[in-house]
Amino acid sequence: MKRSATAWWRPLTGADGAPAKRVTPPAAAHPGRAAERYGRFRVERRLGHGALGTVALGVDTASGELVALKTFAIGQGASAVEQAAARQRFLAEAATARRLHHPDIVRLVDAGVHDGCAWMALELVRGGDLGRYTRAPRLLPEPLVLRIVARVARALEHAHRRGVLHRDVKPGNVLVDLSRDVVKLGDFGVARVLDAERTRTGVVLGTPAYMAPEQLAGADIGAAADVYALGVLLFELLTGRLPFEAGRSASL
């Protein structure tokens with residue numbers, strides 16, 4: 001049975017429920033086969049696969065720290081010049097995202113490009129994403145929803161003050177551990193790279209239901225687009241439905 005990409009956190013905690021930070025790297029799952037690596041990070045096992053790429057449990061071979069490794073292809077089918085531009089765009093966005101230091105933003109440990117595949121090593125966050133709380137009977141109490149969304153808003157403000165847009169605010173990009181009062185907004189920098197891919201292919205690769213009209217139209221956007229998406233997220237968490245449930249096409 002395939003494990004959902006949104007369930008990658010479940011095997012990453014210790015017996016006491018606390019997140020594992022450092023490990024003795026286990027032996028390779030397939031003796032004699034070279035371990036898959038991205039920079040100094042080695043893939044331990046695949047945890048999920050989505051439309052944009054894969055999520056894996058990785059280990060920093062220098063420190064032993066466990067990380068979440070996200071990978072996705074960029075520049076597929078493009079010319080050599082376009083591929084080089086996509087690589088530089090991704091690395092520039094990753095460098096910007098690494099400058100974000102906020103308790104409610106998932107820390108980007110490192111990033112790079114390997115064999116045409118962009119990869120990010122991210123802080124390991126215990127818990128799940130907000131997607132599980134967007135439909136009855138799992139809707140959260142209104143005061144808790146407001147506190148969570150306020151924290152996401154403050155995380156966005158931190159980024160916006162540094163000139164960084166998220167571009168893909170949605171429940172699946174907000175990780176929470178309610179028992180530990182953890183709220184983390186993740187995947188900064190990815191959506192801008194995907195926006196460029198959309199421009200090249202003519203297909204919107206983001207999440208249309210949360211996109212502001214100008215973003216869907218492919219126009220330049222600002223912080224207001226993130227605020228719009230946050231409003232959609234708030235509406236969904238409170239009502240169990242999207243404000244616009246029809247007429248939102250993934251390719252415009």
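Worth knowing before you read on, the calculation uses all heavy atoms, side chains too, and leaves out hydrogens, waters and symmetry mates. All figures in this text were calculated on a predicted structure; none of them were measured in a lab.
Nearest heavy atom pair, residue R37 against residue T61, reads NH2-OG1, 3.4 Å. Of all heavy-atom pairs spanning Y210 and V169, the tightest one is CB-O, 3.6 Å. Scanning all heavy atoms of the two residues, the minimum distance from A56 to L47 falls at C-CD1, 3.8 Å. What you find for A121 and V67 is that their closest heavy atoms are CB-CG2, 4.1 Å. A94 and L108 get closest at one heavy-atom pair: O-CD2, 3.5 Å. The two residues L230 and A153 come nearest to each other via the heavy atoms CD2-CB, 3.7 Å.
Using a distance-only test at 3.5 Å, with no hydrogens or angles considered, no donor-acceptor pair links the side chain of H160 to the main chain of A224. The backbone N or O of G240 sits nowhere less than 3.5 Å from a side-chain atom of T134 that would complete a donor-acceptor pair. A side-chain donor-acceptor contact under 3.5 Å links S79 to the backbone of E82.
Within the 4.5 Å cutoff, the side chain of E236 has heavy atoms near those of the R135 side chain. Taking the side chain as every heavy atom from C-beta outward, L139 and L237 never approach each other to under 4.5 Å. Using a 4.5 Å heavy-atom cutoff, the side chains of Q215 and D220 are not in contact. For the pair F188 and I105, the minimum side-chain heavy-atom distance is below 4.5 Å. The shortest side-chain heavy-atom distance between R42 and E44 falls under the 4.5 Å cut-off. In this structure the side chain of E36 reaches within 4.5 angstrom of the side chain of Y38, judged on heavy atoms. Counting only heavy atoms from C-beta outward, the side chains of V55 and L69 never approach each other to under 4.5 Å. Contact check for V232 versus L242: side-chain heavy atoms found under the 4.5 Å cut-off.
Note: the hydrophobic cluster containing V174 also contains V145 (ILVMFWY, side chain heavy atoms under 4.5 Å, direct or indirect links). Both L238 and L178 sit in one connected hydrophobic cluster of ILVMFWY residues. Membership requires side-chain heavy atoms under 4.5 Å apart, directly or through other members. Linking Ile, Leu, Val, Met, Phe, Trp and Tyr residues whenever their side-chain heavy atoms come within less than 4.5 Å leaves V152 and F235 in two separate clusters. In this structure, L185 is a member of the same hydrophobic cluster as L140, with clusters built from ILVMFWY side-chain heavy atoms closer than 4.5 Å. L234 and L130 fall within the same hydrophobic cluster, where Ile, Leu, Val, Met, Phe, Trp and Tyr residues are linked whenever their side-chain heavy atoms come under 4.5 Å apart, directly or through other members.
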Please table the atom pairs, donor to acceptor, closer than 3.5 Å between any side-chain atom in residues 111-118 and protein atoms at least two apart or in another chain.
none

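From L233, atom CG reaches atom CG of D226 across 11.5 Å, with rounding to the nearest 0.5 Å. For the atom pair CD of E65 and CG of D60, the computed distance is 6.5 Å after rounding to the nearest 0.5 Å. The CG atom of D187 sits 4.5 Å away from the CG atom of N173 when rounded to the nearest 0.5 Å. Between T207 atom OG1 and K170 atom NZ the span is 3.0 Å, to the nearest 0.5 Å. One distance of note links CZ of R45 with CG of L57; it measures 5.0 Å at 0.5 Å rounding.
The aromatic rings of F72 and F90 sit perpendicular to each other, their planes meeting at more than 60°, with 30° as the lower class boundary.
Residues K184 and D104 are not paired through a salt bridge, judged by the lack of any N-O separation under 4.0 Å between the basic side chain and the carboxylate. The pair D181-R151 counts as a salt bridge, with a side-chain nitrogen and a carboxylate oxygen less than 4.0 angstrom apart. One finds no salt bridge joining E93 and R89 here, because no Lys/Arg side-chain nitrogen approaches an Asp/Glu carboxylate oxygen to under 4.0 Å.
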Working note: D177 + V125, criterion side-chain contact (heavy atoms from CB on, under 4.5 Å); need CA distance, chi angles, decisive distance, verdict. CA-CA 8 Å; D177 181 353; V125 181; 6.0 Å; no
Please assess K70 against L122 for the test side-chain contact (heavy atoms from CB on, under 4.5 Å), listing each intermediate value before the final yes or no. CA-CA 8 Å; K70 289 192 174 184; L122 299 159; 3.8 Å; yes
Can you list the steps and then say if R132 with V176 is a side-chain contact (heavy atoms from CB on, under 4.5 Å)? CA-CA 10 Å; R132 62 172 65 181; V176 295; over 6 Å; no
Under the criterion side-chain contact (heavy atoms from CB on, under 4.5 Å), I'd like the reasoning laid out for V43 against W119: C-alpha separation, chi angles, the key distance, then a yes or no. CA-CA 12 Å; V43 172; W119 60 268; over 6 Å; no
Determine, step by step, whether H158 and R162 satisfy the side chain to side chain donor-acceptor pair (under 3.5 Å) criterion, reporting the C-alpha distance in whole Å, the side-chain angles of both residues, the deciding distance to 0.1 Å, and the verdict. CA-CA 7 Å; H158 173 85; R162 287 154 183 78; 3.3 Å; yes
